[in-house]
Amino acid sequence: MGFEQTKDLLGLRELNREDIELILNTALPMKDIIKRDIKKVPTLRGKALATVFYEPSTRTRTSFEIAGKYLSADTVNLTVNTSSVLKGESLRDTIKTIEVMGFDLMVMRHSMSGTPHYVARNTRMRIINAGDGANEHPTQALLDMFSIKEKKGSLDNLKIAIVGDILHSRVARSNIYGLSKFGCEVRVVGPSTLMPPEIEKLGVKRYYNLDEALNGVDVINVLRIQRERQQLGLFPSLDEYADLYMLSPEHLLRAKDDVLVLHPGPMNRGVEISSQLADSNVAVINEQVTNGVAVRMALLFLMMGGAKDEIAN
Ligand code: CP
């Protein structure tokens, strides 16, 4: 079943290549709208969108909010740590409360893998997964793919290295599912303690040495070291991690001349990426954020039934 016939966007594993192409192609005119002086089209007027984040976020939550506003949807953000969740209200009751207010679509982030899937089965609202535990972060991977396609012209058959904490990374998983559908060679590299067992079953190549992994790659996607998991003792210290895996300009000599560096943010400068590289022309980190708005506008448009003639010109 294609994306347009499904109710929710829960992950890239279940999308096919045509679905992803539809979303990325729809994001193109959305990016034009963002560049306009008047960044507003009426296509989703009368539709209502709620963002419900049980984990912190800057980029994802804000970009969904502004994406909805650019398309004229009414957007409301439930800040969980100032909500009745703190009084003990269950997830089920929280979602039902939002549903009966008349919202059409809910964007959800939760620390437990599978929570958006559970919610999607129990509500008439359409659900977009904005990150669930270590499972998937589909809209991040879509904006990563849009950014790569924008610079490289095509996603087909690229060599892409994903560097860092693969074990806890929903960004890595969604990128692997998405890029594999375009014949990309996806390599994962990081310390053995941050590498999921049997990761090769997802069709990727596993590396422990950064230089080896970067040999001949078109794109490097650097993951955030999740400081909140430091207490688990998965590597000795941030300094030692940086010694082995921090991406710096000198590492790029191994990669293709026109290599592109991505980072989903937020960055730990000096841990997984050097400041010099993060601020260089090779890195497209700020463009990724802009593209995130365009991709999320495309998803809202496709999922809430926008009129095509209202996004043209
Ligand atoms: N990349 C990403 O998901 O960033 P936020 O946590 O700020 O949303």
Side-chain angles (χ1 to χ4, degrees), residues 9-12 23-24 27 34 49-70 75-81 105-116 127-148 150 160 162-179 188 190 194 219-230 247 260-269 271-273 277-278 283-300:
L9 175 68
L10 300 174
L12 292 199
I23 297 163
L24 301 188
I34 299 169
L49 151 75
T51 68
V52 179
F53 278 54
Y54 283 77
E55 279 191 333
S57 168
T58 297
R59 280 148 280 271
T60 313
R61 200 203 56 71
T62 310
S63 61
F64 266 114
E65 179 179 358
I66 197 67
K69 287 180 169 161
Y70 286 163
T75 61
V76 171
N77 306 304
L78 179 76
T79 310
V80 166
N81 59 11
L105 185 145
M106 193 175 83
V107 178
M108 174 171 218
R109 173 173 288 184
H110 202 283
S111 57
M112 270 182 64
S113 298
T115 303
I127 301 296
I128 296 181
N129 179 4
D132 64 320
N135 180 39
E136 282 222 43
H137 190 350
T139 65
Q140 178 66 46
L142 288 167
L143 76 88
D144 292 344
M145 295 170 78
F146 183 92
S147 304
I148 295 168
E150 190 174 51
I160 299 182
I162 304 176
V163 184
D165 181 357
I166 310 297
L167 182 65
H168 299 109
S169 180
R170 51 198 180 204
V171 175
R173 246 164 228 89
S174 286
N175 265 276
I176 291 167
Y177 293 134
L179 292 164
V188 292
L194 297 179
V219 178
I220 307 169
N221 198 344
V222 184
L223 301 174
R224 177 175 76 90
I225 279 297
Q226 304 190 20
R227 287 171 185 261
E228 60 271 30
R229 302 186 202 278
Q230 259 289 86
L247 196 73
L260 205 62
V261 173
L262 281 72
H263 190 302
M267 284 184 280
N268 298 298
R269 290 170 180 262
V271 177
E272 70 262 3
I273 188 165
L277 184 56
V284 290
I285 298 162
N286 291 326
E287 287 163 85
Q288 283 175 266
V289 176
T290 308
N291 293 338
V293 179
V295 164
R296 287 165 181 138
M297 286 170 77
L299 287 167
L300 297 180

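The chain is numbered in sequence order, starting from 1. The shown structure was predicted, so the numbers you read here are calculated from the model rather than taken from an experiment. Indexing begins at 1, ligand by ligand and atom by atom, following the structure's order.
Atom CD1 of I34 and atom CG of N291 lie 8.0 Å apart (nearest 0.5 Å).
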For this session: Give the intermediate values and the outcome of salt bridge (Lys or Arg N to Asp or Glu O under 4.0 Å) for residues E55 and R170.
Result: CA-CA 14 Å; E55 279 191 333; R170 51 198 180 204; 2.9 Å; yes

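Between R61 and ligand 1, a contact under 3.5 Å exists for no N or O pair.
Close contacts between ligand 1 and P264 involve ligand atoms 1 (N) [criterion: under 4.0 Å to a heavy atom]. Atoms of ligand 1 lying under 4.0 Å from at least one heavy atom of T58, given by number and element, are 5 (P), 7 (O), 8 (O). Residue-ligand proximity, Q140 to ligand 1, at heavy-atom distances under 4.0 Å covers atoms 1 (N), 2 (C).
Between R59, H137, E55, R170, it is H137 that holds the heavy atom closest to atom 3 (O) of ligand 1.
The closest side-chain donor-acceptor pair between R109 and H137 falls under 3.5 angstrom.
One N or O on the side chain of E272 and one on the backbone of N268 form a donor-acceptor pair closer than 3.5 Å. No donor-acceptor distance shorter than 3.5 angstrom exists from the side chain of R296 to the backbone of S63, with no hydrogens or angles considered.
Contacts between R109 and ligand 1, counted as non-hydrogen atom pairs separated by less than 4.0 Å, involve the side chain only.
At least one heavy atom of G265 sits less than 4.0 Å from an atom of ligand 1.
Residues V76 and L49 are not in side-chain contact: their nearest non-hydrogen atoms beyond the backbone lie 4.5 Å or more apart.
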